[in-house]
Amino acid sequence: MPYTLVFDEVMIKQLKQAAKNQQIKVILTKILDKLEKDGPLVGKLIDAKLFLYEVKLKRPPIRLYFKHNKITDEIYIFEYGMKNSPENQQYTIQKIKDKILKS
């Protein structure tokens with residue numbers, strides 16, 4: 001049974017930008033196809049309370065963040081970014097956690 005993908009407004013903007021770069025577009029399409037098929041198994045759990053996951057690629061260095069809703073089997077995709085400093089990564093993760101807790 002495929003998972004339903006739900007895109008955050010930040011991710012929608014990013015996807016529109018990614019459409020201009022063929023390489024990034026192809027990579028993101030593959031990640032999203034895997035998420036739709038395999039669900040949370042694609043990523044690494046980074047917060048067990050919030051069911052927040054991260055998908056990491058090395059070439060190119062991309063990180064994509066998503067949340068799995070076990071009740072509805074929906075995957076909420078928040079944003080992706082190029083790998084950066086650990087401080088920026090923690091800032092991004094905290095920003096996503098805050099967004100989850102507010103909703």
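Numbers for residues simply follow the sequence, beginning at 1.
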Margin query: Apply the hydrophobic cluster definition, ILVMFWY joined by side-chain contacts under 4.5 Å directly or through others, and give me every member besides V10.
Written below: none
Calculate, to the nearest 0.5 Å, the distance between atoms [atom1] and [atom2] belonging to [X] and [Y] respectively.
{"X": "I77", "Y": "L64", "atom1": "CD1", "atom2": "CG", "value": "6.0 Å"}
{"X": "E36", "Y": "L5", "atom1": "CD", "atom2": "CG", "value": "5.0 Å"}
{"X": "E54", "Y": "I93", "atom1": "CD", "atom2": "CD1", "value": "5.5 Å"}
{"X": "N88", "Y": "K95", "atom1": "CG", "atom2": "NZ", "value": "10.0 Å"}
{"X": "I62", "Y": "L57", "atom1": "CD1", "atom2": "CG", "value": "6.0 Å"}

Next item on the list: Could you please spell out the steps behind the side chain to side chain contact (heavy atoms under 4.5 Å, CB included) verdict for T4 and T72?
Entry: CA-CA 9 Å; T4 303; T72 62; over 6 Å; no
Notebook entry, point to check: How far apart are the C-alpha atoms of Q17 and I24, what are their side-chain angles, what is the distance that settles it, and do they pass the side chain to side chain contact (heavy atoms under 4.5 Å, CB included) test?
Noted result: CA-CA 10 Å; Q17 286 284 12; I24 299 294; over 6 Å; no
Just grab all the ring pair (Phe, Tyr, Trp, His ring centres under 6.0 Å) pairs involving [range], residues at least two apart or on different chains.
{"range": "residues 23-72", "result": "Y3-H68, Y53-F66"}
{"range": "residues 75-103", "result": "none"}
{"range": "residues 7-50", "result": "none"}

Next item on the list: For side chain to side chain contact (heavy atoms under 4.5 Å, CB included), just list the numbers for K25 and N21, CA-CA rounded to whole Å, side-chain angles, deciding distance to a tenth of an Å, and then say yes or no.
Entry: CA-CA 6 Å; K25 180 181 173 183; N21 181 327; over 6 Å; no
Item checked: Those residues that, when tested against K99, pass salt bridge (Lys or Arg N to Asp or Glu O under 4.0 Å) (two or more places apart) -> D8, E9
Report yes or no: do [X] and [Y] belong to one cluster of Ile/Leu/Val/Met/Phe/Trp/Tyr joined by side chain heavy-atom distances under 4.5 Å?
{"X": "L41", "Y": "I46", "value": "no"}
{"X": "I12", "Y": "I96", "value": "no"}
{"X": "V55", "Y": "L52", "value": "no"}
{"X": "M82", "Y": "L32", "value": "yes"}
{"X": "V6", "Y": "L35", "value": "no"}

Notebook entry, point to check: So which pairs with a foot in residues 38-52 pass side chain to side chain donor-acceptor pair (under 3.5 Å), sequence neighbours left out?
Noted result: D47-K97
Checklist line | Residue pair E79 / M11: nearest heavy atoms and the distance that separates them | finding: CA-SD, 3.7 Å
Item checked: Closest non-hydrogen atom pair, K34 against V42 -> O-CG2, 3.5 Å
